[in-house]
Amino acid sequence: MPGTVDESALVAALHTGDEAVFAELVDQYSPSMLRVARGYVPSHEIAEEVVQETWIALLKGISKFEGRSTIRTWLFTVMINIAKARGIRERRDADAEIAAYTGGTVDPARFRPPDAPKWPGHWKEHAEPSPFPDTPEGSVLGNELVAVARRELDKLPARQRIVVTLRDILGFDSGEVCELLQISVANQRVLLHRGRSAVRQVLEDYLAEVS
């Protein structure tokens, strides 16, 4: 399977209609595809339809796959294109999209100004995040912290949620994310930073409450 089987063998199996390989692909990627698709459309049900359309597109289009990218990258590219088109049709108003794209996260006062002589845009001294506990008690909190982080991730503006999910949960690199979402490296970096910062802030607040 992906990550353990040679990519050419995977493509060959799909070309021959290997149902077992296709079923494993569906099991492996559907949850993450659903999570990303949800960032483009207004409901979970519509996101499920997007994922189903993507798998149908894979079955119909695998014969034309030329191997210029991995199956995973190709699959997510198709899914995002479908989700974008569906999202445009389903979007209730443009203001919601703008707000989702530009919404704030961490207090800007915690960062150095863009014209700072040293480390512009980085954390101000004494305003950086507190380190997480590295103690037996901290390990007990591990599952709780993961649950808190996931809840906050679901609350992020759509673009931030998609970028953080692709980078930190699915393991895509910066170049892949920029290609998939058709955004610049700088834009990707800002969205990733804002999303990570928001999740980090909630974790800080949670640890302060339980300590």
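The analysis underlying the following values was restricted to heavy atoms, covering all of them including side chains, and did not include hydrogens, waters or symmetry mates. Quantities reported herein were computed from a predicted structural model and do not represent experimental measurements.
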Any I162 side-chain heavy atom under 4.5 Å of I80 side chain
no

Roughly how far, to the nearest 0.5 Å, is the OG1 atom of T165 from the CG atom of L192?
10.5 Å

Treat each ILVMFWY residue as a node, draw an edge where side-chain heavy atoms are under 4.5 Å apart, and state whether V163 and V190 are in one component.
no

Exercise: identify the closest heavy-atom pair between A149 and V199:
CB-CG1, 3.8 Å

Quickly, which of R35, R196, R200 forms a salt bridge (Lys or Arg N to Asp or Glu O under 4.0 Å) with D168? Name it, please.
R196

Between L180 and V36, is any pair of side-chain heavy atoms under 4.5 Å apart?
no

T54: which residues meet the side chain to side chain contact (heavy atoms under 4.5 Å, CB included) condition with it, sequence neighbours left out?
M33, V50, L75, V78, M79, I82

Tightest non-hydrogen contact, residues W55 and S30, listed as NE1-OG, 3.0 Å

Do F76 and L170 have side chains that get closer than 4.5 Å, going by heavy atoms?
yes

Mind checking whether E176 and T73 have side chains closer than 4.5 Å, heavy atoms only?
yes

Working to the nearest 0.5 angstrom, can you tell me the gap between H15 NE2 and F65 CZ?
8.0 Å

Quick check on salt bridge (Lys or Arg N to Asp or Glu O under 4.0 Å): which of E48, E49, E45 does R86 satisfy it with?
E49

Do L181 and L166 make a side-chain contact, defined as non-hydrogen atoms from C-beta onward lying under 4.5 Å apart?
yes

Side chain to side chain, Q201 and E152, heavy atoms closer than 4.5 Å
no

Taking all non-hydrogen atoms of both residues into account, name the closest pair between A158 and G39 and its distance.
CB-O, 3.1 Å

V51 with I169, same ILVMFWY side-chain cluster at under 4.5 Å:
yes

Taking atom CD of Q52 and atom CG of L34, what is their separation to the nearest 0.5 Å?
10.0 Å

Is V202 close to K155 at the side-chain level, that is, under 4.5 Å between some pair of heavy atoms?
no

Considering all heavy atoms of both residues, which atom of R38 and which atom of P42 are nearest to each other, and what is their separation?
NH2-O, 3.4 Å

CD (Q188) and CG (L191) are apart, to the nearest 0.5 Å, by 7.5 Å

Provide the closest heavy-atom pair for C178 versus V185 in the form atom of the first, atom of the second, distance.
SG-CA, 3.7 Å

Linking I/L/V/M/F/W/Y whenever any side-chain heavy atoms sit under 4.5 Å apart, do I56 and L25 land together?
no

Can you get from V26 to L10 by hopping between Ile, Leu, Val, Met, Phe, Trp and Tyr side chains that sit under 4.5 Å apart?
yes

Closest non-hydrogen atom pair between T16 and A13, with its separation:
OG1-O, 2.9 Å

With a 4.5 Å cut-off on side-chain heavy atoms, are I62 and I71 touching?
yes

